[in-house]
Student: 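I'd like to ask you about the structure that follows.
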Amino acid sequence: MTGWDLPGAVSVGGVLRPIHGDYRDVLDILDKLNDPENAGFLGPYIALALFYEDFDGLAPADYPEAWQRLCWFVNGGEEESRGPAIKRIDWEQDRSLIVADVNRVAGVEVRGLKFCHWWTFLAWFRAVGEGQLSAVVGIREKRRRGKALDPWERDFYRENPEKVDFKVRMTSEEEETLNRWMGKEG
């Protein structure tokens, strides 16, 4: 692979394995990995099953390499950086902001495409400049660092905290417990 290709398969255990490379497939994988119901090994297992077209043909001994190849693919063909990642976006929560900006960059309604390779979508996403998404991410970053917000940022945050603050995802058991505590049983 030269870096100019859009892979439709990755090598695992010396075997070229077809993958689900549409951006919607990858966003679904990321959603499953972030779902608190899929804690422990379950999230990565589901991610592998969603990513590899022939998942049933993978030997459990190949799972670590298969996972590395999945991560490589999600990172746009780059090796994972070391160190803890700082969460700046949430693909699900920020969906409408992401779609609007990616559509602008792509010059097309990406959700209407039958297939859009993840790397193409990622390239469009990385080319997004100024817009509502960058404003939201900028406010998140300032708040994370404890920096003062500009007046317009304070106004935006006061009027749109649900766009800026990350939603807490709970398991169904946690939600039931919280609802009981709040007297919302039913």
Side-chain angles (χ1 to χ4, degrees), residues 1 5-99 101-102 106 109-126 128 133 136-137 140 162-163 165-180:
M1 179 150 326
D5 302 317
L6 296 174
V10 296
S11 178
V12 176
V15 176
L16 204 54
R17 304 216 176 255
I19 59 170
H20 295 282
D22 184 75
Y23 81 96
R24 289 163 281 238
D25 297 326
V26 175
L27 292 174
D28 191 31
I29 289 168
L30 294 174
D31 184 56
K32 299 294 188 251
L33 287 170
N34 288 321
D35 187 338
E37 297 283 351
N38 299 331
F41 74 92
L42 187 58
Y45 182 84
I46 291 170
L48 291 174
L50 291 172
F51 185 63
Y52 291 98
E53 289 182 12
D54 65 342
F55 174 71
D56 293 338
L58 272 175
D62 288 330
Y63 289 177
E65 183 183 2
W67 176 255
Q68 289 175 335
R69 300 306 293 163
L70 183 153
C71 292
W72 170 84
F73 184 83
V74 170
N75 282 333
E78 299 172 9
E79 297 303 319
E80 280 191 284
S81 60
R82 301 290 176 221
I86 297 168
K87 182 174 180 174
R88 291 187 172 91
I89 66 161
D90 182 297
W91 290 99
E92 181 62 28
Q93 179 178 329
D94 298 332
R95 177 183 62 246
S96 63
L97 302 175
I98 293 167
V99 166
D101 284 346
V102 168
E109 171 54 71
V110 295
R111 294 171 295 186
L113 300 174
K114 292 263 187 230
F115 179 87
C116 177
H117 195 278
W118 170 247
W119 289 7
T120 301
F121 183 86
L122 198 55
W124 287 333
F125 175 75
R126 289 176 176 165
V128 168
L133 178 63
V136 167
V137 170
R140 286 176 182 159
E162 72 286 350
K163 286 186 178 182
D165 295 335
F166 288 120
K167 293 174 179 63
V168 177
R169 293 180 74 175
M170 295 184 279
T171 64
S172 55
E173 185 177 301
E174 290 169 330
E175 284 183 31
E176 288 174 21
T177 300
L178 184 60
N179 284 337
R180 276 196 308 272

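Please read all numbers here as calculations on a predicted model, not as lab measurements.
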Student: Going by salt bridge (Lys or Arg N to Asp or Glu O under 4.0 Å), name the residues that satisfy it together with K32, two or more places apart in sequence or in a different chain.
Tutor: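 Salt bridge (Lys or Arg N to Asp or Glu O under 4.0 Å) check on K32 returns D28.
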Student: Which heavy atom of C116 sits nearest a heavy atom of D22, and at what distance?
Tutor: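 So the two residues come closest at N-OD1, 2.7 Å.
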Student: Taking ring-ring contact (aromatic ring centres under 6.0 Å, His included) as the test, write out the residues that go with W91, two or more places apart.
Tutor: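 ring-ring contact (aromatic ring centres under 6.0 Å, His included) check on W91 returns W118, F125.
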Student: Please report, to 0.1 Å, the donor-acceptor pairs under 3.5 Å made by any side chain of residues 53-64, with sequence neighbours excluded.
Tutor:
| from | atom 1 | to | atom 2 | distance (Å) |
| --- | --- | --- | --- | --- |
| D54 | OD2 | R17 | NH1 | 2.9 |

Student: For N34, which residues count as a side chain to side chain donor-acceptor pair (under 3.5 Å) partner, sequence neighbours excluded?
Tutor: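 Partners of N34 by the side chain to side chain donor-acceptor pair (under 3.5 Å) criterion come out as none, since no residue qualifies.
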Student: Any ring-ring contact (aromatic ring centres under 6.0 Å, His included) involving residues 7-41? Give me the pairs, sequence neighbours left out, ordered by first then second residue.
Tutor: Y23-F121
Student: Using side-chain contact (heavy atoms from CB on, under 4.5 Å) as the criterion, list what pairs up with E65, not counting sequence neighbours.
Tutor: V12, R69
Student: Taking ring-ring contact (aromatic ring centres under 6.0 Å, His included) as the definition, give me every residue that meets it alongside H117, ordered by chain and number, with sequence neighbours left out.
Tutor: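 H117 satisfies ring-ring contact (aromatic ring centres under 6.0 Å, His included) with F73, W119 only.
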Student: So, using salt bridge (Lys or Arg N to Asp or Glu O under 4.0 Å) as the criterion, who are the partners of K87 when residues are at least two apart?
Tutor: D90
Student: On a heavy-atom basis, which atom in D5 and which in P7 lie closest, and how many Å separate them?
Tutor: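 Looking at all heavy atoms of both residues, the closest pair is O-CD, 3.4 Å.
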Student: My understanding is that only residues two or more places apart in sequence, or in another chain, count here; which of them pass salt bridge (Lys or Arg N to Asp or Glu O under 4.0 Å) with E109?
Tutor: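 Salt bridge (Lys or Arg N to Asp or Glu O under 4.0 Å) list for E109, sorted by chain: R111.
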Student: I need the F166 CZ to E92 CD distance, nearest 0.5 Å.
Tutor: 13.0 Å
Student: With the side chain counted from C-beta on, respond yes when I98 and L133 share a heavy-atom pair under 4.5 Å apart, and no when they do not.
Tutor: yes
Student: Under the rule for ring-ring contact (aromatic ring centres under 6.0 Å, His included), what residues qualify as partners of Y52, not counting sequence neighbours?
Tutor: none
Student: Residues in side-chain contact (heavy atoms from CB on, under 4.5 Å) with K167, at least two apart?
Tutor: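 K167 satisfies side-chain contact (heavy atoms from CB on, under 4.5 Å) with Q93 once adjacent residues are dropped.
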Student: Taking side-chain contact (heavy atoms from CB on, under 4.5 Å) as the definition, give me every residue that meets it alongside L33, ordered by chain and number, with sequence neighbours left out.
Tutor: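 Partners of L33 by the side-chain contact (heavy atoms from CB on, under 4.5 Å) criterion, ordered by chain and then number, come out as I29, P44, A47, W67.
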